[in-house]
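Worksheet: one structure, shown below.
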Amino acid sequence: MASKSNLDADKQGEFQKAGTLSLKMQESAIIEDILFIMMGIEGKYISMARPPMTAEDEDAEYIHKRFKADESLDPSLRDLVSRILPLASIYLSLEAFVELHSRFEYGFVSHALCAAIRGLLKEYLILIAQLETQFRSSPDFTLQKLWYYIQPTMQTLSSLDVLVGVIREAGRRETPDDDVEALLNLKAKEGVPLESKGGSILAIIAAGMFNMSGDPATKKLYGFLLNKASVPYIAMLESWIHKGEIRDPYEEFMIVESRRVSKESIKEDFNDAYWEQRYTIRENYVPSFLVPLKTKILLAGKYLNVIRECGIHISNSCDEQSDATTEQPPSNYIERSDVLAALSGGKLVDTIDAAYQYANRKLLDLLLKDKQLLGRLRSMKRYFFLDQSDYFTHFLDLASVELKRPWREVSLTKLQSLMDLVLRNPSSVTVSDAFKEDLKVDMSHLGLVDQLLRIISIKGQAQGQGQSRGPSDRVESRTSGKSKDARAQVHSRANSEGSQQQHGGNDSWQDDNAYGAAMEGVMATSIELPAQSKGSLSGIDALTLDYSVKFPLSLVISRKALTKYQLLFRHLLYLKHGEQVLCNTWTEHAKAAVWKNASPELKQWRGRVFGLRARMLTFVQQFAYYVCSEVLEPNWRDLASKLAKVSTVDQVLQIHSDFLDTCLNQCMLTNSKLLRIYSKLMSTCIKFTNYTDRFTRALTAMETQLDEEAAAMASAKEVQQIEQAMKRLNEFEDGFTYHLKLLIEALNFYSATETVQFLCLVVRLDYNQFYANQKSDALTMAASTHLSH
């Protein structure tokens, strides 16, 4: 009746205020208006108040509309109307949200959420149709009954409105670009805030669900929305963890791929960028309930990608993955159990664990079994650590003439052919090595000590270590207290030779980023070489080995790892070369008649030469034995035992990296102070062998001086030659003794700060306390000037 009377009034062009109607007619008219208003259509007695909007107000549609009822309406009815009208505002706001976020640029997750909200709004419209049917058919239908019927719907839409408001506010906040995005030069699409799509939406819904634990109805609603909205995200997640594929056209997934980093770059990359930067996590896109699982998610897909890069087909065998033993979810999943239960039927955690175990097992089998990682490492041990090195001794004999040349004049082709010849020798242990074809001969443009000091220096500069007083300074001040004046010049000269370097320790060495920067700096051709390397580096000093490794073994044996192997090899080669030239000196002394049949008056001088040579040879041999038997071999056995028990691919990478770092540290290759002392000792030994001919001529001249007639005929040149030989021998003796004592004291100091393994070397170098009991205040000034020319 009310509807009919209103329609008649319209036809007559008359408008009656609600207050002029009877209470019954007022109620009927206002119910009809409310049914229209609830769908966003203005009525007769209820109008929509549109607030003023500016052109810059992009969120105008989100603003809740205000409705104004006829002032003449009965107060009791107007009070009920004021309670119902917010529902219409919420409906219009939700409609605007769905329309905006259904655009393609907002991504699949936002589309799925809008589809779920649209389904709820459809049920809301069905409720309005049912209420209108009741209103038309039942004369007893009142405004109070309408208010009663819409209570559940009002609670549902209010909860939706709160959720939509949070998403809207999150999209308005501006967040700085994170480091990964800046690194990969990725930019979010303009006009679509990062917090308004993808995992950010899921995180907001999950947070709302967790916070509404005390409201079962709202919690159930948010669980429903999370289940629907997560369907495309879970599909992307499953594609990643089961196939290693990223299907993310709208950049809303938590994993991002950098196509600029390829497996081909591993051979020259010192930073291991492929493994670290090819696939990375975008923290802003990780839903909060997946934060404890993000590492497993990243690794599962990363492992499968490595397998796929090898050309191996990956079968999407969910049954095989489900058979994998899954771990018990950790305790931090408990508070999110309700959230996870709303995803994939509550099996998401099990699915991720199973996929991770499957991918990890497949890649481990590929590395350890199919690609024979342990066999490769054993082969590298034979070549780079000179294990069973009969072949290498043969190689050095064949290439001795070539290696005496300056390093720029050495023919790598000839050296490689000689190496291939000795490797294929039927009597050599390498003839049965299946990987010998991968060994290559190479030349470095820096000497070993120069390269190591340059690495330590650049790493120290990168980490700002040069600003503080380190252990090197403390041990120097401690040792200089015993013979301050005599040693000050030697210290200053040692420091001046490395004035461009700063002291660095093992901690800086193990920083991967600093190490990569250091190696790139060292290998750059534009770097100015140290004075001792310019034009004076011989082939034997520049000789190194290289090894060809194909993907995926190059993940483990990367360019950075190969560089560490090369440093250890050159360290051993330096020791072997020192031992060889000292043994050659002994052979020459044994063959020369002047050394065997020296006069009784010259036996003391000859004994000094023989004694110094013996002490030098003992030092080199003991040092080489320490490196081989007390550092490399025990650490290698530890590596092999750990690799036999390894359970994840990342453990393989970490164990191998730790093995190399430990070997470098215990071989004194990570400490600039020890390196400088060691370099002085070895250069003293090498220069001593180079003076063998001069000592022989001096000894011959001394024999001549014993004959009075011959002495009278001796020239001034012979007399000067004798004096120079005596002076040079004193310099060698004093310099070698001083630096060896300094090395022992430094090793004792660093055994407490770096590694106790240095004590083993101390025992070997001074097993009978000969140097420890020797007086330290009797060094001559020759120690401050020897070997400087």
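Numbers here are sequence positions counted from 1. Bear in mind that the values here come from a model prediction, so they are computed numbers and not experimental data.
- Contact annotation: the side chain of Thr142 never approaches that of Trp147 to less than 4.5 Å [non-hydrogen atoms, C-beta and beyond].
- Within the 3.5 Å criterion, the main-chain N or O of Met154 finds a donor-acceptor partner in the side chain of Ser158.
- In this view, Glu95 satisfies the salt bridge (charged side-chain N to carboxylate O under 4.0 Å, His left out) rule with no residue, not counting sequence neighbours.
- In terms of modelled atom types and a separation under 3.5 Å, the side chain of Thr648 and the main chain of Gln651 share a donor-acceptor contact.
- A salt bridge is defined here as a Lys NZ or Arg NE, NH1 or NH2 lying under 4.0 Å from an Asp or Glu carboxylate O, and Glu238 with Lys243 fails to meet this definition.
- Put simply, the side chain of Asp79 never gets that close to the backbone of Pro75: no donor and acceptor are under 3.5 Å apart.
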query: So Leu299 and Asn360, side chain to side chain contact (heavy atoms under 4.5 Å, CB included) or not? Walk me through it.
result: CA-CA 8 Å; Leu299 293 179; Asn360 179 68; over 6 Å; no

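- No donor-acceptor pair closer than 3.5 Å links the side chain of Arg282 to the backbone N or O of Val256.
- Using a 4.5 Å heavy-atom cutoff, the side chains of Glu309 and Arg278 are in contact.
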- request: Would you check, one step at a time, whether the test side chain to side chain contact (heavy atoms under 4.5 Å, CB included) holds for Ser258 with Thr280?
  value: CA-CA 8 Å; Ser258 174; Thr280 52; over 6 Å; no

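- Remark: the backbone N or O of Leu653 is not paired with any side-chain donor or acceptor of Ser657 at under 3.5 angstrom.
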- request: Would you sort out whether Asp248 and Tyr233 count as a side chain to side chain donor-acceptor pair (under 3.5 Å), showing the intermediate values?
  value: CA-CA 9 Å; Asp248 184 21; Tyr233 197 90; over 6 Å; no

query: Given Leu555 and Val652, is the side chain to side chain contact (heavy atoms under 4.5 Å, CB included) satisfied, shown in steps?
result: CA-CA 10 Å; Leu555 292 174; Val652 173; over 6 Å; no

Sequence neighbours excluded and cut-off under 3.5 Å, please list the side-chain donor-acceptor pairs for residues 108-130, or say none.
unit_1	atom_1	unit_2	atom_2	d
Ser110	OG	His101	O	3.0
His111	ND1	Gly107	O	3.3
His111	NE2	Arg103	O	2.7
His111	NE2	Gly107	O	3.4
Arg118	NH2	Ser102	OG	3.0
Tyr124	OH	Met38	O	2.8

field: Pair Tyr356-Ile241, side chain to side chain contact (heavy atoms under 4.5 Å, CB included): steps then yes or no
entry: CA-CA 7 Å; Tyr356 170 75; Ile241 63 177; over 6 Å; no

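- When atom types are taken as modelled, the side chain of Ser230 and the backbone of Leu226 share a donor-acceptor pair closer than 3.5 angstrom.
- No donor-acceptor pair closer than 3.5 Å links the side chain of Gln134 to the backbone N or O of Phe141.
- Using a 4.5 Å cut-off on side-chain heavy atoms (C-beta onward), Lys362 and Leu304 make no contact.
- Looking at Leu225 and Leu160, their side chains come closer than 4.5 Å, going by heavy atoms from C-beta outward.
- A distance-only check finds no donor-acceptor pair linking the side chain of Asn305 to the backbone of Glu245 [under 3.5 Å].
- Pro552 and Val306 get closest at one heavy-atom pair: CB-CG1, 3.6 Å.
- The side-chain hydrogen bond (donor to acceptor under 3.5 Å, both in side chains) search around Ser159 returns Thr218, not counting sequence neighbours.
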